Each structure stands twice: as C-alpha cells, then as structure tokens.
Colleague: 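There's a structure below that I have some questions on.
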Amino acid sequence: MAATSPTTTTTIFLLLLITLLTFTGDALSDHLNTTTTNLYLSPKTLTTNYNNMLNSFKIFIYQTPPSPPPQHSLFYKSLINSHFITQDPNQAHLFFIPFNPSISTRSLARVIKNIRTNHPFWNRTLGADHFYLTTSEGVDLSSDRNIVELKKNSIQISPFPTSYGSFIPHKDITLPHVLEKPKPLVNDTKKNMFLGYMRLSKDIPLSLSEDIKISKYFTVEHGPLDSKFCLFMYHADVSWIVEAMASRCVPVVITDCPIQDLPFMDVIKWDEVAVFVGPKSGAHGIKIVLEGIEDSRYEMMVESGVLATRHLAWNEEPKPYDAFHMIVYQLWLRRHTVRYARWVE
C-alpha cells in the first residue's frame, strides 16, 4: 500500500476537524436555541465562553476538602472528580479554600493566615482569585485582616437564598437547591384551574397567607399542575422553585426589595422566567399583576422556565450545562482579578 503523503494527511485532519466543530456547534446551537426564548443575558458568547472554560480552566485545591454538608456535597464531589483540578498551582486560574462551614471565625482566620504564610498566591491579589463554600449566613464579621480580605475579596459560594448582607453581587455565587433533575411535563398534563398556587409555611406573613386562602383565584391545597403561577415568598420556602418551573408553573416571587442573589444571575434573565411583585397589595394586587400578563408572554415564560431547569438541576454525574457546570462557568467569568491595596496594620 502506498504511503499517505503529508499533504493528504493534513487535508484529512482538517476535514475531520471541520466535521467535529460543525457537529459540536449544531449540538450546542440546539441546546441554546433562542427562537422561542430570550433566557440568556449573552446568548452569542455563552457557547464560546463555555467551551473555553471546558478546555482551559484550572483550579487548585489547598488541601483535601472536609466532609461537606448536604447542600454542598454534589458540588464537592463533582469538582474533586473533574478535569478542572490541577496539582500545579502555577497553572491555576483560581484557588479553592476548603473548610467546614461550621468552623469558628478564629480557626478560619488561622487557615487563611497559613495560606498567606506558606503559599505565594494569596498575596498577589489579597485573595481575589480564591473561592470558598459556606452556609447561607456567610462568614461571620471580624476585624481580623484574614477574615476581612476573605469576605471582601474572595468569591463566596453559598446556598440560595442568602441572609441579608452576606452576599456581594458580581463577586459571590449562589447554589441552586439540590434536587433530582426535573422532568419537564407535556402540555396536556396542565389543568390551570387556578391562577396561582402557594405552598404555605411559617415564614409567610399571616395576613398574606390568609388573604391567599380565602381568594377563589388562588389555591393552597392543589399544586403546580393545577395552576398557571406558583407563588414564593422570598426568603421563605423557595427550595421547590425548580420543581415549579419544570411543572410549567411560572414562579411569582413576592418581595419588597431587589433580589441580587438568584442563582446564575449573570447568565440567566430571571425576568424572562419569573414575575416579581410586592407583598403589600395582597392577593388582589397579585391577581391584577398576573392577569395583566398576555398569553403570548406567559407561554414564553413557561418555555424559558423549562429550559432554565437544565441549568438549575444537579446530576450525580455532571452533564453539560447543568448546575455544577454553570457554577464553574461563573467562576470562570470571575477569573480575571485585580490587585487590591496592601493591608495596612
């Protein structure tokens, strides 16, 4: 058999590469199809940035992570077993500081001091290229320079919703609640007998819950399948918001202040997925707002919500664009750090 010439080999390689890129591009285009939804803040750059993350992103872990609490366990497991981890800190874009969220402030300060003393990386940015996991309450306040730099500069990842004052927008990241991957329902399973459904809890103001219970337009006994909208009191029981979206029930978030800690706010347009209303107008005021949403707008929000569940769902084995990968993607977007002024004693 005649030997293949270098020119022929190069041509075959280029054809295979073009075929692979075309297939990958088509698959991603199908995944991020925006013909019926405007879900993403930057749909044109998401695919490119995501692929760059997959191919380039490296994270260094200072030590073996401790046993994580349930809300962190899937992220820990997925990160440790991922190809993003590097054993060479000089290759790392970001540095992960593992510690048990129940650690005392004094002990945490010693952890940071040890990193500063024994490694050269913290002092380059005063911790701005480092990240950590904590509870919704965040790290306790302290005048210790190690804690101050950690809270001010490092990226905090914590469960949604966070406590007031514990989240810094454009720096910190929130974890979606750990749920099994929801299965979107077919259209004809929805009855929409009620305008809205609210799952009662002790965190909902009594006046509002009583108002909802006596309204013929809302229900507290049926569920997402019987309602067009699902009502959530911010900072109350929002753990099932992904379940509602997968059930084609548009979330209505009731809050009297701007929300800055929704998961993936620098990727997803949450106003394309959910409705935000104030609590003071009661059931009647919420009814007026919801009835004012045109059918075409409502259907688009339903489809956007179903699409968003792909990104908010956790998997035992991570899948493209799922919750784990979207958290890592947000870390990738934050890899460009600035040098902060030195601490002055």
Side-chain angles (χ1 to χ4, degrees), residues 59 61 65-80 82 94 96-105 108 130-141 147 150-151 154-182 199 201-204 230 232-246 251 253-255 257-268 270 273-274 276 305 308-316 318 321-331 333-334:
I59 296 170
I61 303 179
S67 299
Q71 66 267 39
H72 295 161
S73 59
L74 273 178
F75 180 80
Y76 269 106
K77 174 186 173 183
S78 300
L79 180 63
I80 294 169
S82 74
L94 292 182
F96 178 38
I97 310 171
F99 57 84
N100 193 306
S102 63
I103 191 173
S104 69
T105 304
L108 179 56
H130 289 58
F131 69 95
Y132 62 96
L133 282 164
T134 186
T135 64
S136 298
E137 289 72 31
V139 175
D140 290 339
L141 293 174
I147 302 299
L150 181 73
K151 288 179 65 69
S154 299
I155 303 165
Q156 173 182 286
I157 303 179
S158 56
F160 168 78
T162 58
S163 298
Y164 179 77
S166 67
F167 183 87
I168 301 176
H170 310 299
K171 177 180 78 70
D172 296 338
I173 298 170
T174 51
L175 292 164
H177 284 268
V178 177
L179 299 171
E180 293 183 1
K181 185 177 181 180
R199 184 181 293 180
S201 74
K202 62 181 181 180
D203 298 313
I204 299 173
C230 287
F232 298 86
M233 193 76 195
Y234 181 55
H235 274 131
D237 182 19
V238 294
S239 63
W240 59 283
I241 192 168
V242 180
E243 173 191 337
M245 292 158 60
V253 183
I254 304 170
T255 178
C257 62
I259 301 178
Q260 299 178 312
D261 63 341
L262 284 162
F264 312 152
M265 287 197 72
D266 47 5
V267 177
I268 291 176
W270 273 93
V273 173
F276 298 88
T309 60
R310 303 180 188 182
H311 309 305
L312 296 164
W314 292 92
N315 299 290
E316 284 292 337
Y321 293 97
D322 68 357
F324 169 71
H325 281 102
M326 297 310 291
I327 291 169
V328 176
Y329 177 73
Q330 289 186 109
L331 289 170
L333 296 179
R334 289 158 173 76

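Keep in mind that what you see is a predicted model, and the values were worked out from it rather than measured.
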Colleague: If every non-hydrogen atom of W314 is compared with every non-hydrogen atom of L74, which pair is closest and at what distance?
Modeller: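 Shortest heavy-atom separation between W314 and L74 comes out as CB-CD1, 3.5 Å.
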Colleague: Could you give the distance from NZ (K171) to NZ (K151), rounded to the nearest 0.5 Å?
Modeller: 8.0 Å
Colleague: Quick check: does any side chain N or O of W270 sit under 3.5 Å from a backbone N or O of P263, one acting as donor and the other as acceptor?
Modeller: yes
Colleague: State which residues pass ring-ring contact (aromatic ring centres under 6.0 Å, His included) with F131; sequence neighbours excluded, sorted by chain then number.
Modeller: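 Scan of F131 (ring-ring contact (aromatic ring centres under 6.0 Å, His included), adjacent residues dropped) gives F96.
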Colleague: So, the side chain of S158 versus the backbone of E137: is there a donor-acceptor pair under 3.5 Å, distance only?
Modeller: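 Side chain of S158 to backbone of E137: no pair is present.
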Colleague: What pair of heavy atoms forms the shortest contact from P176 to L312, and how long is it?
Modeller: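 That closest heavy-atom pairing would be CB-O, 3.7 Å.
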Colleague: Evaluate the side-chain contact (heavy atoms from CB on, under 4.5 Å) criterion for residues T134 and Q156: first the C-alpha distance (whole Å), next the side-chain angles of each, then the deciding distance (0.1 Å), finally the verdict.
Modeller: CA-CA 7 Å; T134 186; Q156 173 182 286; 3.6 Å; yes
Colleague: Pair L150, I97 - check side-chain contact (heavy atoms from CB on, under 4.5 Å), show working.
Modeller: CA-CA 10 Å; L150 181 73; I97 310 171; 4.2 Å; yes
Colleague: Are any side-chain N or O atoms of T174 and backbone N or O atoms of D261, one a donor and one an acceptor, separated by less than 3.5 Å?
Modeller: yes
Colleague: Roughly how far, to the nearest 0.5 Å, is the NE2 atom of H311 from the NE2 atom of H325?
Modeller: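 The NE2 atom of H311 is 13.0 Å from NE2 of H325, to the nearest 0.5 Å.
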Colleague: Nearest 0.5 Å, please: how far is OH in Y234 from CD1 in I259?
Modeller: 5.5 Å
Colleague: Find the distance between OG1 (T162) and CG (D172) and round it off to the nearest 0.5 Å.
Modeller: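 If we round to the nearest 0.5 Å, T162:OG1 and D172:CG are 8.5 Å apart.
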Colleague: Between H235 (side chain only) and S163 (backbone N and O only), is there a donor and an acceptor less than 3.5 Å apart?
Modeller: no
Colleague: Going by salt bridge (charged side-chain N to carboxylate O under 4.0 Å, His left out), name the residues that satisfy it together with D140, two or more places apart in sequence or in a different chain.
Modeller: none
Colleague: Minimum heavy-atom separation for F264 and Q330, please, with both atom names.
Modeller: CD2-NE2, 2.9 Å
Colleague: Could you check, using the six-membered ring where one of them is a Trp, whether F232 and W240 have ring centers closer than 6.0 angstrom?
Modeller: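 Yes, the ring centres sit under 6.0 Å apart.
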Colleague: With rounding to the nearest 0.5 angstrom, report the CG to CD1 distance, L331 to I173.
Modeller: 4.0 Å
Colleague: Of all the heavy-atom pairs spanning V273 and P251, show the shortest one and how long it is.
Modeller: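 So the two residues come closest at O-CD, 3.4 Å.
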Colleague: Find the distance between CG (D266) and OH (Y329) and round it off to the nearest 0.5 Å.
Modeller: 8.0 Å
Colleague: Do you know the tightest heavy-atom contact between N315 and D322?
Modeller: ND2-OD2, 3.0 Å
Colleague: Considering all heavy atoms of both residues, which atom of K77 and which atom of E316 are nearest to each other, and what is their separation?
Modeller: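 For K77 versus E316, the nearest heavy atoms are NZ-OE1, 3.0 Å.
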Colleague: Taking C-beta and beyond as the side chain, do V253 and L262 meet within less than 4.5 Å on heavy atoms?
Modeller: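 Sidechains of L262 and V253: no contact.
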